[in-house]
2 protein chains.
Amino acid sequence: MAEAAQTISDHIHKMLDDLTRAERQLALSVLENYPASGLGPLTALAKDADVSVPTVARMVQKLGYKGYPEFQAALREELKAKVKTPIAKHDTWAEAAPSGHILNRFTEAVIENIRLTLGQIDPTAFDQACDLIADADRHLFIVGGRITHTLAEYLFLHMQVIRPHVTHVQSTSNTWPHYLLNAKEGDVFVIFDVRRYENNTLKLAELAHERGAKIVLMTDQWRSPVHQVATVCLSNRIVVPSAWDSATTMMLLLETMISSVQTLNWTQTKARIEGLEDMFDQTKLFRKFT
Amino acid sequence: MAEAAQTISDHIHKMLDDLTRAERQLALSVLENYPASGLGPLTALAKDADVSVPTVARMVQKLGYKGYPEFQAALREELKAKVKTPIAKHDTWAEAAPSGHILNRFTEAVIENIRLTLGQIDPTAFDQACDLIADADRHLFIVGGRITHTLAEYLFLHMQVIRPHVTHVQSTSNTWPHYLLNAKEGDVFVIFDVRRYENNTLKLAELAHERGAKIVLMTDQWRSPVHQVATVCLSNRIVVPSAWDSATTMMLLLETMISSVQTLNWTQTKARIEGLEDMFDQTKLFRKFT
DNA sequence: ACTGATCTGTGATAAATATTTCACAATTGT
DNA sequence: ACAATTGTGAAATATTTATCACAGATCAGT
């Protein structure tokens with residue numbers, strides 16, 4: 001046990017580079033629900049990680065143990081030690097960092113934001129927003145501000161794959177009035193607006209509303225003035241220990257929305273995705289992953 | 001084994017009265033450092049509790065298990081569940097929605113991603129990354145791919161405020177070689193690369209590495225090939241119930257990083273922020289329509 | 001203090017499982 | 001096409017578990 005004070009989890013993590021693919025797959029599986037999985041029989045672990053028995057035997061030795069039983073014994077020792085420590089509270093997310101470390105403070109705040117945001121969300125409103133966004137008969141405009149335009153673009157990138165007739169508008173640009181000319185009754189605007197609320201965005205929203213468009217607003221807990229003309233308003237907690245606001249909660253909601261919308265018209269979407277993947281493959285834009 | 005609802009520890013406690021002296025002695029030893037001792041071999045447990053082997057076998061059956069292995073399996077299951085529990089107390093995040101609703105399923109997955117990502121992150125590496133990014137003497141290049149470029153831009157927007165000499169590079173664009181010409185030894189590249197990994201990004205990273213630049217890599221749990229030339233590699237869990245991967249965990253890490261970097265050179269940053277705010281006000285960039 | 005019933009440990013053994021290791025084929029990446 | 005990796009199936013080995021008979025210990029009640 002020359003490996004000093006580091007946990008086996010650390011050790012495995014450090015060795016990750018020296019492991020081959022199957023071994024790494026196994027290692028990640030061990031870490032997945034650590035340490036329980038490593039305490040069962042070797043064969044069970046192999047099946048769980050979807051690798052062969054010899055692979056497990058090989059990796060354990062590569063990690064420096066004489067055999068699987070010795071590895072298990074080490075795990076048990078660690079578990080025994082860990083339980084004894086009264087700091088078993090899970091307020092440390094990054095276990096290797098002190099609880100006052102920014103990693104833990106920030107994560108704690110974000111989780112709290114998520115809890116509060118989700119706790120007061122109206123599932124009906126959420127579903128309604130998804131329905132609107134999924135409806136390919138409506139042109140979809142996605143509007144972001146100075147900071148939020150990255151979120152808007154994230155949504156745009158995905159919607160572009162899922163459905164036709166999507167436009168990304170930046171409210172800080174002076175070209176958005178041109179886009180608005182094309183908007184007709186029943187079209188949908190997804191608008192991002194958090195403090196400090198932007199006048200451009202409000203103006204855009206009002207004009208869109210006048211033209212009979214539906215508005216889905218993604219805002220913060222104090223709600224942008226846009227909410228007065230919004231059909232659906234989803235408000236997020238965004239306060240974190242930082243000089244900035246957090247977009248993480250909104251990102252979560254956004255991705256949930258993307259997942260939901262995609263499910264809603266999967267049949268129509270599937271072909272689009274496959275076509276796109278083919279095109280990417282053909283142009284070799286990406287490297288095939290395995 | 002109908003006692004599904006309660007923990008094995010509880011169960012043992014309850015049975016304590018029905019046990020004989022040696023069995024009780026054994027049971028207490030099991031509870032002593034629970035559950036580690038029960039996960040080793042039967043003989044070890046017997047010796048540990050200072051009872052005989054048959055006593056262990058007898059007690060296990062008295063507890064209602066078919067044999068010692070089954071008892072161990074139950075312990076492992078409980079351990080597995082327990083590790084997850086600190087967060088799982090929020091069975092339903094969106095209280096108004098059924099637990100099967102996508103809002104709850106998705107959030108559950110993201111929280112799990114966060115837990116796993118933070119759990120295996122190396123705070124030293126994280127701090128090192130922050131130090132590199134905070135160092136105004138090094139030019140900072142931020143590189144994103146097709147999807148990740150929104151994250152890259154999010155980082156860029158903030159870094160632009162916090163420090164000078166920041167450049168946003170899109171690896172999918174064919175203009176990035178021009179940026180690379182300006183990179184000199186000691187400069188820092190923050191590179192985003194998740195599956196499916198992009199060849200352009202890898203090429204860019206390799207060239208940057210050759211020029212002596214430091215590379216901070218934000219990638220997924222399988223790690224982009226860029227990690228071979230990276231100074232710091234931060235890997236994130238990204239799997240969610242969706243056709244796409246989740247960027248939420250990475251966003252969290254990113255914002256934590258921004259917060260940390262900003263704190264590191266706050267004195268230098270403060271003036272920049274104030275100056276910028278003034279400029280926004282003066283140019284009325286956001287008030288055109290008031 | 002005695003008795004009888006119950007509990008417990010010993011040592012041995014058979015049965016069951018788990019581990020380790022082969023050689024070789026299939027697969028993968030370069 | 002070559003080298004490295006990985007899986008397969010099997011067999012040998014090692015370990016663990018379950019159980020037995022029996023002897024000693026314990027204890028309650030007389």
Side-chain angles (χ1 to χ4, degrees), chain A residues 15-30 35-76 281 284 286-290, chain B residues 1 15-30 35-76 195-199 202-203 206 222-229:
Chain A
M15 292 285 280
L16 232 47
D17 284 329
D18 302 332
L19 300 178
T20 58
R21 189 205 31 95
E23 284 171 346
R24 186 154 40 238
Q25 178 180 332
L26 167 61
L28 289 172
S29 167
V30 170
S37 52
L39 292 167
L42 185 148
T43 45
L45 177 57
K47 197 197 280 184
D48 219 50
D50 210 31
V51 299
S52 68
V53 166
T55 301
V56 180
R58 282 189 283 252
M59 189 197 70
V60 167
Q61 299 193 0
K62 215 181 232 179
L63 286 175
Y65 300 95
K66 197 157 181 292
Y68 187 69
E70 191 180 305
F71 171 67
Q72 287 188 312
L75 277 179
R76 278 197 303 274
D281 281 351
K284 294 192 193 301
F286 299 98
R287 183 153 174 254
K288 256 262 153 85
F289 167 77
T290 355
Chain B
M1 272 129 297
M15 294 284 281
L16 228 49
D17 288 331
D18 302 333
L19 299 177
T20 61
R21 182 194 53 79
E23 285 170 348
R24 187 155 40 237
Q25 179 180 330
L26 167 62
L28 289 174
S29 168
V30 169
S37 52
L39 292 167
L42 184 148
T43 47
L45 177 57
K47 198 196 284 182
D48 218 51
D50 209 31
V51 298
S52 68
V53 167
T55 301
V56 180
R58 282 190 282 253
M59 189 197 70
V60 165
Q61 298 190 4
K62 214 180 235 179
L63 285 175
Y65 300 95
K66 197 157 181 289
Y68 188 68
E70 192 180 305
F71 172 67
Q72 287 189 311
L75 277 179
R76 277 197 303 274
R195 68 175 185 184
R196 309 149 47 163
Y197 311 118
E198 301 178 17
N199 270 323
L202 179 57
K203 205 77 198 165
E206 283 167 350
W222 302 280
R223 299 197 301 181
S224 146
V226 173
H227 91 266
Q228 286 160 3
V229 293

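Scope of the values below: all heavy atoms of this structure, side chains included, with no hydrogens, waters or symmetry mates. Residue numbering restarts at 1 for every chain, and letters A, B, ... go by the order of the sequence lines. Not measured: the values here are computed from a predicted model.
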message: If I compare all heavy atoms of R24(A) with all of L16(A), which pair ends up nearest, and what's the gap?
response: NH1-O, 2.9 Å
Nearest non-hydrogen partners of L75(B) and P35(B), listed with the distance: CD2-CB, 4.0 Å
task: Return the value, rounded to whole Å, for the distance between atom CG of L26(B) and atom P of dC7(C).
output: 16 Å
- line: Residue pair Q72(A)/E23(B) against DNA chain C: nearer the 5' end by closest nucleotide is E23(B)
statement: By nearest-nucleotide position on DNA chain C, the 5'-leaning member of R24(B) and P69(B) is R24(B)
- line: Contact span of DNA chain D against chain B, any nucleotide atom under 4.0 Å from a heavy atom, 5' to 3', runs dT16(D) to dC20(D)
Return a table of donor-acceptor pairs under 3.5 angstrom between the side chains of residues 37-48 of chain A and protein atoms on other chains or two or more places apart.
unit_1: S37(A); atom_1: OG; unit_2: V30(A); atom_2: O; d: 3.4
unit_1: S37(A); atom_1: OG; unit_2: N33(A); atom_2: O; d: 3.3

field: Residue-level proximity of residues 41-52 of chain B to DNA chain C when a heavy atom falls under 4.0 Å
entry: D50(B), V51(B), S52(B)
- request: Output all residues satisfying salt bridge (charged side-chain N to carboxylate O under 4.0 Å, His left out) with R223(B), sequence neighbours left out; order by chain, then residue number.
  value: D17(A)
task: Go through the structure and list residues passing salt bridge (charged side-chain N to carboxylate O under 4.0 Å, His left out) with K62(A), not counting sequence neighbours.
output: E23(A)
Strictly under 3.5 Å: I want the nitrogen or oxygen pairs between protein and nucleotides 21-23 of chain C, one per line.
unit_1: dT21(C); atom_1: OP2; unit_2: Q61(A); atom_2: NE2; d: 2.8

- request: Name all residues meeting the side-chain contact (heavy atoms from CB on, under 4.5 Å) criterion together with Q25(B); count only those two or more places apart in sequence or in a different chain, and write none if there are none.
  value: R21(B), D50(B), V51(B)
- prompt: Can you pull the salt bridge (Lys or Arg N to Asp or Glu O under 4.0 Å) pairs that have at least one residue in residues 35-44 of chain B, sequence neighbours excluded?
  reply: none
Side-chain donor/acceptor of R76(B) to backbone N/O of A36(A), under 3.5 Å: no
Net bend of the helix from dA1(C)-dT30(D) to dT30(C)-dA1(D), end axes of five pairs each, nearest 10 degrees: 50°
task: Hey, could you give me the CE/OH distance between M59(A) and Y65(A), rounded to the nearest 0.5 Å?
output: 9.5 Å
All ring pair (Phe, Tyr, Trp, His ring centres under 6.0 Å) counterparts of Y68(B), not counting sequence neighbours: none
field: S52(A): partners by side chain to side chain donor-acceptor pair (under 3.5 Å), with sequence neighbours left out
entry: T55(A)
- request: For dT8(C), take OP1 and OP2 only and decide whether either is under 4.0 Å from a side-chain N or O of T20(B).
  value: yes
